[in-house]
Protein chains: 2
Amino acid sequence: MNRAEQREHTRRTLLRESRRLFAAQGYAAVGLAEIVRAAGVTKGALYHHFDGGKTALFRSVLEEVQQEVAQAVARAADAEDDPWEQLLAGCRTFLASAADPEVQQIMLLDGPAVLGWNEWRALDEAASARHLAEALTSLIDAGILSPQPVEPLTRLLSGAMNETALWLASSSGPADLADAQAALTRILEGLRAA
Amino acid sequence: MNRAEQREHTRRTLLRESRRLFAAQGYAAVGLAEIVRAAGVTKGALYHHFDGGKTALFRSVLEEVQQEVAQAVARAADAEDDPWEQLLAGCRTFLASAADPEVQQIMLLDGPAVLGWNEWRALDEAASARHLAEALTSLIDAGILSPQPVEPLTRLLSGAMNETALWLASSSGPADLADAQAALTRILEGLRAA
DNA sequence: CCCTTTTACATACCGACGGTATGCGAGTAG
DNA sequence: CTACTCGCATACCGTCGGTATGTAAAAGGG
């Protein structure tokens with residue numbers, strides 16, 4: 001194994017193990033000692049790969065999670081032809097993806113608190129909220145949604161989905177996801193009429 | 001000053017100063033040393049009043065903040081006669097109240113991450129989400145909203161308002177609050193039609 | 001093939017933090 | 001006046017995130 005491979009291996013191991021621990025226990029409850037022990041390295045390696053220490057490691061994990069969610073959403077949206085159906089499919093898929101406890105703890109609970117809301121929002125924007133905003137803009141241009149500022153609407157819908165996903169984890173019978181998706185659909189359809 | 005008065009004075013001072021610091025710097029960035037110095041006491045006093053230490057102190061601060069927001073919302077809603085107008089007024093007031101940076105940092109950012117989402121939701125439920133759910137139930141019973149599960153809808157709306165409030169803090173020109181309230185109204189009116 | 005440099009870590013250490021055990025003096029009750 | 005309680009202060013501890021330094025192996029030039 002040459003040096004580049006070894007480096008990548010260590011980095012990926014740190015990301016994988018820290019992601020598992022952050023998801024299971026929450027950012028604050030996980031110590032660097034536990035992370036490096038799980039990864040089979042030492043703190044020296046961690047700080048060599050992640051300049052900002054614990055925070056930078058968490059940021060990388062968060063980006064990874066957000067990319068995965070965004071990919072799932074994009075895939076679901078691309079499977080539809082009609083722009084309106086793309087929005088519905090994307091939103092429903094986001095809700096389903098964010099129902100994963102790993103995603104919740106890292107992306108929805110610790111993310112904003114650890115990085116601050118501004119940085120969290122910037123990452124969220126880059127990963128998925130931008131696509132939502134673009135979709136809404138297209139629908140407004142096409143006359144399917146009434147003309148209005150896109151940013152507040154994007155945040156309303158994004159926040160609605162985020163907190164509903166968290167709710168799904170607590171009281172989740174299997175019917176709740178369907179109920180939540182139905183309620184979300186009702187909201188979107190209500191906007192369409194107007 | 002007798003003992004009961006002294007006790008209450010110390011407790012209120014700790015709550016006031018810790019609230020100020022938590023709001024300004026975030027939970028994790030504030031040390032107990034800083035809190036007790038600002039309050040003019042020592043850690044002994046803090047642990048005498050708040051059995052769970054830093055976490056318990058934060059929980060008390062959070063409850064205080066939530067109560068204040070809930071009171072403002074209830075007052076705005078009670079000022080209206082029509083149930084539908086009560087809902088609109090309550091939601092708009094919540095958005096305006098949660099635009100306060102103190103409220104955001106404590107109630108929306110650190111709250112869920114520090115206490116965990118389940119406990120945060122229980123406190124939120126007791127303070128304000130319960131009223132929202134009751135209002136929605138009444139509107140469904142009155143035939144103003146279409147029959148549907150109330151819980152998912154409550155979480156969708158609550159989450160929409162929470163994240164929009166956070167957005168207001170970042171990019172806030174003074175017109176943004178009005179835009180956000182207008183978008184929220186559009187969503188609610190859309191539900192009404194259906 | 002050897003020597004130099006760089007790289008990818010490991011080791012050892014530090015200050016600060018949250019938390020606890022104990023001490024103490026002023027109130028309060030009998 | 002006394003005994004007891006209560007509201008804190010003091011002193012101390014283990015653990016944490018972070019850093020400075022050491023080191024062995026890989027890479028690169030002659």
Side-chain angles (χ1 to χ4, degrees), chain A residues 1-62 106 110-111 113-116 119, chain B residues 1-62 106 110-111 113-116 119:
Chain A
M1 199 184 292
N2 69 22
R3 244 194 345 213
E5 287 170 341
Q6 179 61 42
R7 177 184 173 83
E8 198 54 22
H9 174 72
T10 299
R11 182 187 152 85
R12 294 184 74 84
T13 304
L14 277 168
L15 279 173
R16 174 165 37 86
E17 294 303 313
S18 67
R19 173 173 172 167
R20 189 174 55 80
L21 292 166
F22 285 150
Q25 307 174 222
Y27 178 82
V30 178
L32 291 187
E34 193 176 359
I35 294 175
V36 297
R37 178 159 36 85
V41 294
T42 64
K43 283 199 285 187
L46 197 156
Y47 277 88
H48 183 68
H49 284 278
F50 300 94
D51 257 19
K54 195 185 178 187
T55 308
L57 175 59
F58 177 78
R59 182 172 12 247
S60 292
V61 169
L62 172 59
I106 292 170
D110 285 329
V114 171
L115 301 180
E119 187 175 350
Chain B
M1 199 184 291
N2 68 23
R3 260 216 305 232
E5 287 171 341
Q6 178 61 43
R7 177 184 173 84
E8 197 55 22
H9 174 72
T10 300
R11 181 187 154 84
R12 296 184 73 84
T13 304
L14 277 168
L15 279 172
R16 175 165 37 87
E17 295 304 314
S18 66
R19 172 174 175 168
R20 188 174 55 81
L21 292 165
F22 285 149
Q25 308 175 222
Y27 178 83
V30 179
L32 292 186
E34 193 177 357
I35 293 176
V36 298
R37 179 159 34 85
V41 294
T42 65
K43 285 199 285 186
L46 197 157
Y47 277 87
H48 184 70
H49 283 278
F50 300 94
D51 257 19
K54 196 186 180 187
T55 308
L57 175 59
F58 177 78
R59 179 167 21 240
S60 292
V61 170
L62 172 59
I106 293 170
D110 285 329
V114 172
L115 301 181
E119 187 174 352

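Residue numbers begin at 1 in each chain, while the letters A, B, ... track the order of the sequences.
- Here C:dG18 presents its P atom at 15 Å from CZ of B:F50, a figure rounded to the nearest Å.
- Across every non-hydrogen atom of B:S60 and B:L15, the tightest pair is CB-CD2, 3.7 Å.
- Atom pair A:D51:CG and D:dG17:P shows a separation of 17 Å (rounding to whole Å applied).
- Residues A:A29 and A:E34 come closest through the heavy atom pair O-OE1, 4.3 Å.
- For the pair A:R37 CZ and C:dT11 C1', the interatomic distance rounds to 17 Å; values are reported in whole Å.
- In terms of position along DNA chain C, the nucleotide closest to B:A33 lies nearer the 5' end than the nucleotide closest to the other residue of the pair B:A33 and B:A4.
- In this structure the side chain of B:F22 never reaches within 4.5 angstrom of the side chain of B:D110, judged on heavy atoms.
- The shortest heavy-atom contact between B:L57 and B:L14 is CD1-O, 4.3 Å.
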Listing time: all N or O pairs from protein to nucleotides 8-15 of chain D that are below 3.5 Å?
unit_1: D:dC8; atom_1: OP1; unit_2: B:Q6; atom_2: NE2; d: 3.4
unit_1: D:dC8; atom_1: OP1; unit_2: B:T10; atom_2: OG1; d: 2.7
unit_1: D:dC8; atom_1: OP2; unit_2: B:T10; atom_2: OG1; d: 3.4
unit_1: D:dC8; atom_1: OP2; unit_2: B:H49; atom_2: NE2; d: 2.8
unit_1: D:dA9; atom_1: OP2; unit_2: B:T42; atom_2: N; d: 2.7
unit_1: D:dA9; atom_1: OP2; unit_2: B:T42; atom_2: OG1; d: 2.5
unit_1: D:dA9; atom_1: O5'; unit_2: B:T42; atom_2: OG1; d: 3.3

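- Considering only heavy atoms from C-beta on, A:Y27 comes within 4.5 Å of A:K54 through its side chain.
- Between B:R3 atom CZ and D:dC6 atom P the separation is 7 Å, expressed in whole Å.
- Residue B:V30 is in sugar-phosphate contact alone, with no base atom involved, counting any heavy-atom pair closer than 4.0 Å across all strands shown.
- Between the NZ atom of A:K54 and the C1' atom of C:dA16 there is a distance of 15 Å, rounded to whole Å.
- Regarding B:I35, its CD1 atom lies at a distance of 17 Å from the P atom of C:dA16, rounded to whole Å.
- Per the geometry, OH belonging to A:Y47 stands 6 Å off P belonging to D:dT19, to the nearest Å.
- The side chain to side chain contact (heavy atoms under 4.5 Å, CB included) with A:S18 is formed by just one residue from the set A:L46, A:V30, A:I35, A:I106; it is A:I35.
- In this entry the distance linking CZ of B:F58 with C1' of C:dG18 reads 16 Å, nearest Å.
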